Each structure stands twice: as C-alpha cells, then as structure tokens.
Amino acid sequence: MSKSVLNINNAGLTNDQAEKIWSGLRTAIIEIQNQNASELRFEELYRNSYTLVLHKHGDLLYNGVRRTVAENLVKISNEVSNTVDGQLLEKIVEAWENHKIVMTMINDVLMYMDKTYCLLKKKEPAYNMGVLLFKDHVIMEGQVANRLKSLLLENIRLERTGRTVDRILLKNVLCMLVEVNVRNTDIYKAVFESDLLSSTAVFYQQESQNFMAQNTVSDYLRKIERRIRQEEDRALEYLDKSTHAKLRHVVQTELISNYAQQLVENKSTGCVHMFHNDMVGDLRRMFVLFSRVPGTLTHIRSCMSSLVKKTGTNIVKDPENLKHPKFFVQKVLNCRKKFHIFVKRSFMEDRSFTRDLKDSLEYFINLDSRAARYLSLYLDDMMRKGLKGKSPDEREKILNDVISIFRYLSDKDVFEDFYKKHLASRLLTDNSGDREDEKMMISKLKAECGHQFTSRLEGMFADIQISSDLMASFKNQRKDQSNVDINVTVLTTGFWPVHNMEHCTLPPEAKKATDEFATFYKTRNSGRRLTWQTQSGTAEVLCHFKHGNKLLAVQTYQMCILMLYNRAETYTYAQIAKLTNIPDKELRRHLLSLAHPRVKVLKKFPNKKSLAPSHTFTYNYGKQSPLFRIKVPLLKVENDSKEIKVPPSVEEERKNRIEVMIVRVMKTRKTLDHNTLMSEVMKQSLRFSVKPIFIKKRIESLIEREYIERDKNKRGLYHYLA
Amino acid sequence: MYTWLFDYVKEEGIRTIGKDVAEYVWSLALAPFFKDYDLWLKYLKEKYELSVVKRDLWNCLYDFATTEVHSLEEYDRDTGCWPSYIDDFIDFIRKSQKNI
C-alpha cells in the first residue's frame with residue numbers, strides 16, 4: 001500500500017505527497033546501491049520520478065538523489081581508505097565498476113528528469129552527477145589520490161626494471177581517472193600524468209648516465225631502441241591516448257636529444273669509429289633513432305662530412321701519389337664507394353646526406369690542381385699498360401671510374417690540359433694498338449661535356465691517321481734511296497699542345513731527309529707551313545764500336561749530338577752547344593744521359609755530374625754491350641712542385657674563353673649593365689670556376705681594345721662596339 | 001676637357017700614356033679638386049705596377065675624384081663598377097689606414 005498512484009487529474013502535488021513519492025524512490029535507490037535491484041519495478045520508478053518532475057518537484061528529486069548517492073559513497077570511501085596498499089587498486093576499481101552500474105540504473109529511472117529538469121536548470125544529468133560525486137568522495141578524499149599516484153608510478157617503475165605487472169588493472173584505474181572528471185582529463189593529469197612524465201624523465205636520465213659511462217655507443221643505441229619500443233607498447237596497452245605523444249617526447253628528449261652530440265662525437269665508439277669499421281647497421285640504427293628528433297641528424301651529417309674531407313685531403317696530399325697515381329685514383333674511388341654505401345644503406349639515401357657527401361668529395365678533389373693531374377696520370381698509365389689484357393667490361397669500368405671522379409672536378413679545363421699533353425705523348429710515341437680505348441675515353445668525355453670539349457682531341461686522332469696515309473704514299477714515291485729512312489707525323493697547330501722550343505741544327509744527313517719530305521708535302525698541300533718539332537721525336541743511330549756495331553735508340557737531340565762524332569772524337573760542352581743549337585736546359589739532360597755510367601756512349605771529363613762549358617765529351621769507341629739494340633734513357637726533368645696552381649697555358653685559355661663569352665653576350669644584347677653581364681658569363685662558365693674579379697679584368701681589357709665601351713653617363717653600363 | 005686631355009697627351013699609334021706623363025697632367029688638371037690626390041700619388045708610387053695608364057682608368061678617375069665621397073664604407077666593389085685599379089686603390093687606402 002506504499003505504492004503511489006498516478007494522479008490523472010493534474011491537480012498539482014502537495015509537498016507531502018511529493019515527499020512520500022520521493023521516499024519511495026529513495027528506498028529504491030538504496031536497494032540498487034545494495035545490489036538488490038531485482039525486486040524493483042522499473043516502470044513504477046520511472047513513473048514516480050516523472051511525476052515529481054512534472055509537478056515541479058524537480059529540486060526535491062535532484063537534491064534527494066544527490067544526497068542519497070553521496071551518503072552511500074561516504075561508506076564506500078571509508079572502505080577504500082582502509083584498504084591496504086597491496087589491494088587498493090583492485091578495491092577502487094571494484095568500487096568504481098559497481099558505482100557505474102548503479103548510476104546507470106539510476107540514470108535509466110531518471111531519464112525524464114535529465115531531459116527536462118536538468119536541461120532547464122543547467123544541472124549535470126544523473127549519471128554525470130554520480131560520477132562526479134564518486135570523484136569528490138572517494139578519490140579526492142584524504143590520501144586516496146596520493147596513494148593511487150604512488151602505486152601507479154611504482155608499478156610502472158617495476159615494469160621498466162623488468163618485472164611483470166597487472167596491465168589490465170592499471171588500465172582500468174587509468175580509465176577511471178579519465179572518466180571520473182566527465183568533461184576533461186584534469187584529474188587524470190593531476191593524479192597521474194604529470195608525475196608520470198616527470199618520473200619518466202628522471203628514470204631515463206639516470207639510466208642513461210649510468211649506461212653511457214660503461215658501454216659503447218652501439219650498445220647504447222640498441223638500448224634506446226628497446227626502451228622506445230617498450231614505452232610505445234606501454235602507451236598503447238594501458239595509458240590514455242592523450243599521453244602517447246607527451247610520453248614519447250619525454251623519452252626521446254632524455255634518451256636521444258640530450259645525448260645526440262655526445263654519441264656522435266664519442267672518441268672511442270662514436271661515429272668516426274663506426275665509419276672506420278663499416279658498422280652499417282649501427283649507423284642505420286642511429287639514423288632511424290635520430291630521425292625522430294629534429295636537429296640531431298645534423299651531428300651525424302657534419303661528422304661524416306668532416307671525416308670525408310679529412311680522409312680525402314690526406315689522400316690528395318700524399319706525396320706517394322706522384323709515383324703511383326694509380327693509388328690516388330683507387331683511394332679516391334674507395335673513399336667514395338665506402339661512403340656511398342653508408343648513405344645508401346645506413347642513411348636511406350636521405351637527400352641532405354647525399355648532398356653533403358657530394359660537397360665533401362668536391363671539396364678535397366678541388367683543393368688544388370693535383371687531383372686533376374693525378375687523374376690524368378692514372379689514365380696515362382692505364383692507356384699505356386694497365387688496360388692490356390683486361391676484358392672489355394673491365395676496361396670500360398676503369399674508364400667509368402675515371403669519369404666519375406672527373407665529374408667532381410670544378411676546374412675541368414685543368415684536367416683537359418693534362419689529358420691533352422699526355423694524350424699527345426701517347427699518340428706520338430706509341431704506334432701500336434688500335435686505340436679503341438682512347439676513342440672510348442674521348443666519347444665518354446664528349447658525353448659528359450659536349451663536343452666542344454673533345455673536338456680538338458679528335459683532331460689529334462685525325463692527324464695521326466692522315467700522317468700514316470701520307471707516309472705510305474711518301475715511301476712509295478721515294479726516288480732517292482740514299483737518304484735516311486724517315487717517318488713523319490704532321491700535326492695541325494691548334495689541336496696539339498704547344499711547345500715553344502727553339503729549333504736546333506739538324507745534322508746534314510737528317511736535314512736532307514726532312515727537306516725531301518718537305519718538298520713532297522708542299523706538292524700535296526701548297527700554302528701550308530711546316531715547322532719541324534725537334535724537341536720531340538726519336539731516331540735510331542747505327543754506331544760503330546770496336547767490339548761491334550750497335551743500334552742506339554735515342555731522342556732527336558741526342559741524335560744531333562751523336563752525329564757530331566762523325567767529324568771529331570772530342571768536343572767541349574761549349575762547342576756542342578754552338579754546333580747543335582740545342583736550348584741549354586735540354587742540352588744538359590740529353591748530353592748527360594749519353595755520358596751516364598749505365599750508358600757510356602760518351603766519356604765525360606771531368607767525370608762529375610756538374611757541367612761547365614770547358615768539360616769535354618769523348619766518343620767511347622771501346623763500349624761493350626751484350627745487346628745490339630740499345631735504348632738510351634733520358635734523364636727525367638725535375639718535378640715542378642709548383643704545379644699545385646693552375647698551369648699557365650690553362651690560365652691563358654681561360655682568359656680567352658671568358659673574353660669570347662663576354663663579346664658573344666654583348667653582341668647579342670648590344671647594351672648591358674655590369675651585374676647582368678657578370679651573371680650571364682658566370683652561368684656559361686661550366687668548365688672551370690671563375691671569380692668575379694677575373695671577369696672584371698677581362699671586361700677592362702676588352703674596353704681597352706675597343707670591343708666594348710662604357711656608357712658616357714652611366715659607368716655601370718656597357719655598349720657593344722661593332 | 002679632361003677626357004680630351006688624354007688624347008692630346010698621348011702619342012700616335014699607342015693606346016696608353018706613360019705613368020709619369022699622367023702624373024704630370026693629373027697634377028695640373030685633377031689635383032685641384034681631387035681630395036685624396038696625395039693618397040693617389042702614393043698609391044701610384046708604391047702599388048701600381050704598370051708603367052702606363054689606360055684610357056678607361058683615366059676617364060673613370062675623373063668621376064671618382066669628383067663624385068665619390070671617400071667614405072670607405074660606402075665604396076661598393078661589386079656594384080660600383082669602378083675599374084679594378086680603383087678597387088685596388090681603395091684597398092690600398094684601407095690597408096694603410098689600418099697600419100696607422
């Protein structure tokens with residue numbers, strides 16, 4: 001009979017009636033809280049609360065519910081507070097889950113209130129209200145929050161040291177903290193998150209310090225990797241989503257950022273050690289880890305750059321390079337290959353790394369002109385000997401290696417200069433072989449630099465071919481067989497490197513032969529002028545000795561000297577000089593080589609290395625040798641270590657090129673201002689690096705020679721003069 | 001008038017005038033309104049390595065003497081488009097000022 005009756009009449013409820021209804025509801029709530037909900041009838045409760053709200057007794061209802069829930073929670077709070085630490089987490093989760101079930105049921109009963117009264121009065125709906133009450137009475141009561149905090153953090157600490165913990169329990173506690181403040185995660189943050197972050201920082205600070213002191217960088221990197229994985233795992237498994245990024249940031253800062261530079265620069269096991277020992281995997285690990293934290297990769301990059309530059313500089317400056325240019329090229333290639341592997345496999349072809357490697361290689365290759373020179377010497381060596389006997393693939397690979405270093409040269413014309421000189425020497429002295437390799441090299445250079453680069457080189461080849469055809473017909477036509485046999489190569493000026501040597505006086509026998517050829521040539525090509533290049537060329541001289549004739553293979557100058565001995569047995573140095581007209585420096589080495597103890601074709605008096613005009617040279621009639629054909633080697637020229645700078649011929653060439661460029665630009669544009677002219681020229685100068693002051697001087701030279709002029713009013717404007 | 005002087009003074013067939021001749025004419029024509037003429041003379045004696053003076057330098061020197069405010073900070077090597085010997089001259093002044 002304590003059941004209420006729905007009053008259809010809609011004549012308001014009196015306060016007494018309302019109180020009665022409320023009291024019934026209150027009992028129901030208590031039953032629910034005591035887990036006795038099965039006896040209750042849902043529609044009735046719903047109806048009752050509906051009635052109360054409808055008849056403007058919402059306040060009574062709301063506050064009543066609030067009070068009832070709170071009373072119950074106080075009881076629960078005591079239970080929780082009195083639980084020992086070891087069971088606190090379970091207890092509070094249990095209490096929370098129960099509470100949620102209770103509140104859900106209550107919420108169902110009070111739905112009408114939520115939708116009307118709560119909205120109107122801007123009060124929290126029933127469920128939320130219950131949750132917040134739980135927060136106030138159970139969690140934030142007394143020491144509970146603090147105890148929760150320490151328990152949670154302790155669990156995490158244990159897990160970090162390798163112990164297993166109940167992750168599901170932790171997850172539930174943390175979810176509770178998140179949900180319990182309804183609208184935001186402030187409680188979660190205050191009770192848990194901010195302390196988590198700070199204790200994490202401290203934990204890893206200590207761990208790093210201890211570990212770094214006693215372990216290698218590689219080991220440390222492995223450890224970081226493990227730790228980061230663990231923390232990611234932890235975050236996914238039981239931490240709230242909002243914590244993930246923050247935790248990651250703390251971990252990365254403590255483990256990586258703070259130590260990045262130290263790790264790279266560690267003297268015994270850092271990056272330099274790793275590079276030297278090809279520790280590709282470790283570097284890769286470092287790269288991947290550092291990629292997470294902006295600003296740390298630069299340390300690795302700059303370590304690599306300075307190592308490459310240092311290694312490379314040592315390679316270039318090695319004095320052994322001159323004797324063995326092969327080593328230079330090999331070492332540079334090895335260096336390049338080694339670091340390419342790192343860039344590819346450790347640094348995942350990252351663009352900045354690729355660019356830095358290229359810059360570093362260019363840096364030491366262009367320190368001075370030595371690299372260009374060694375490269376050309378290497379090529380010379382290969383062409384003369386090294387390529388023989390190798391398969392076509394191997395040959396091509398060697399040439400490709402040369403090209404790949406060539407690409408890094410910024411002053412390509414210096415290389416061209418050396419290459420031309422060496423090529424000329426090869427073409428003129430070595431008549432064997434089909435020169436396929438030479439031609440392959442030239443076509444590769446053409447592919448790199450355009451046909452302009454190689455047009456003169458190809459002219460050299462053409463000359464050789466033409467000369468050999470010429471010689472064939474010359475030999476056929478020869479009438480006067482009494483002249484010495486002569487083999488002539490005709491060089492077109494402009495294709496070949498320039499030698500400014502004075503002409504020596506040829507012995508009459510030789511002169512007759514050269515004249516004969518000159519006449520022959522003029523019949524074929526009138527209007528051309530022939531100049532005999534006596535500084536090069538070889539001769540074979542049949543020499544009469546007491547113990548038999550010998551055939552001496554000598555240079556042209558040596559031949560001139562030897563032929564003198566047809567007329568006398570002894571000459572002084574001064575006499576030889578006058579009679580042959582050979583330039584002094586060349587005369588010295590050609591003469592001394594004939595008198596050299598290993599050769600002994602001439603006897604020198606006094607028998608010292610020094611040379612004075614009065615020293616005499618006598619034909620060594622008594623010379624003996626097991627061989628018939630003797631090659632007389634020429635003393636080497638002293639090496640010009642000044643070749644670190646750009647050779648003067650290249651310097652001249654550059655002046656001309658720049659001037660041609662300036663004139664060409666001015667001719668097209670007619671009028672141009674200084675800065676535009678400068679930038680145009682610099683753009684077009686691909687063969688070598690050029691400084692602005694150089695261009696400026698060329699401009700002034702052209703002004704002087706009246707190719708261009710300055711504007712009358714504006715100094716910085718130039719006009720083309722036709 | 002100044003630019004005409006160059007042609008007047010120079011010989012037939014050559015494009016330049018001798019350094020001493022230039023000095024003499026400069027002392028008459030330029031010195032009165034060239035503030036740093038003494039420094040210029042010093043530069044000619046100590047640093048200028050050629051024995052002749054080219055027309056371009058002659059012409060531009062007039063501009064330099066009259067319009068250029070000789071504050072070294074304002075002198076712009078790259079965009080000023082002065083002949084390279086005038087750049088040299090400025091360097092010379094800077095160096096000698098440092099030594100003082």
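All of these numbers come straight from a predicted model, not from anything done at the bench. In the text below, chain A, chain B and the rest are named by the order of the sequence lines, each starting its count at 1. Both backbone and side-chain heavy atoms feed into the values below; hydrogens, waters and symmetry mates do not.
Note: A:Ile708 CD1 to B:Asp56 CG = 9.0 Å, rounded to the nearest 0.5 Å. Rounding to the nearest 0.5 Å places OG of B:Ser84 at 3.5 Å from NZ of A:Lys697.
With a 6.0 Å radius and a threshold of 12 heavy atoms from other residues, nucleotides or ligands, B:Glu46 has its CD atom above the threshold. More than 12 heavy atoms of other residues, nucleotides or ligands shown are found within 6.0 angstrom of CZ on A:Phe694. The neighbour count for A:Lys358 NZ, taken as heavy atoms of other residues, nucleotides or ligands under 6.0 Å away, does not exceed 12. Surrounding CZ of A:Phe495 are more than 12 heavy atoms belonging to other residues, nucleotides or ligands, all under 6.0 Å away.
For A:Glu709, no part sits under 4.5 Å from any heavy atom of chain B, backbone or side chain.
B:Asn59 is not listed as a side-chain neighbour of A:Arg710, based on a closest heavy-atom distance of 4.5 Å or more. By the 4.5 Å heavy-atom criterion applied to side chains, B:Thr16 and A:Glu704 are counted as neighbours.
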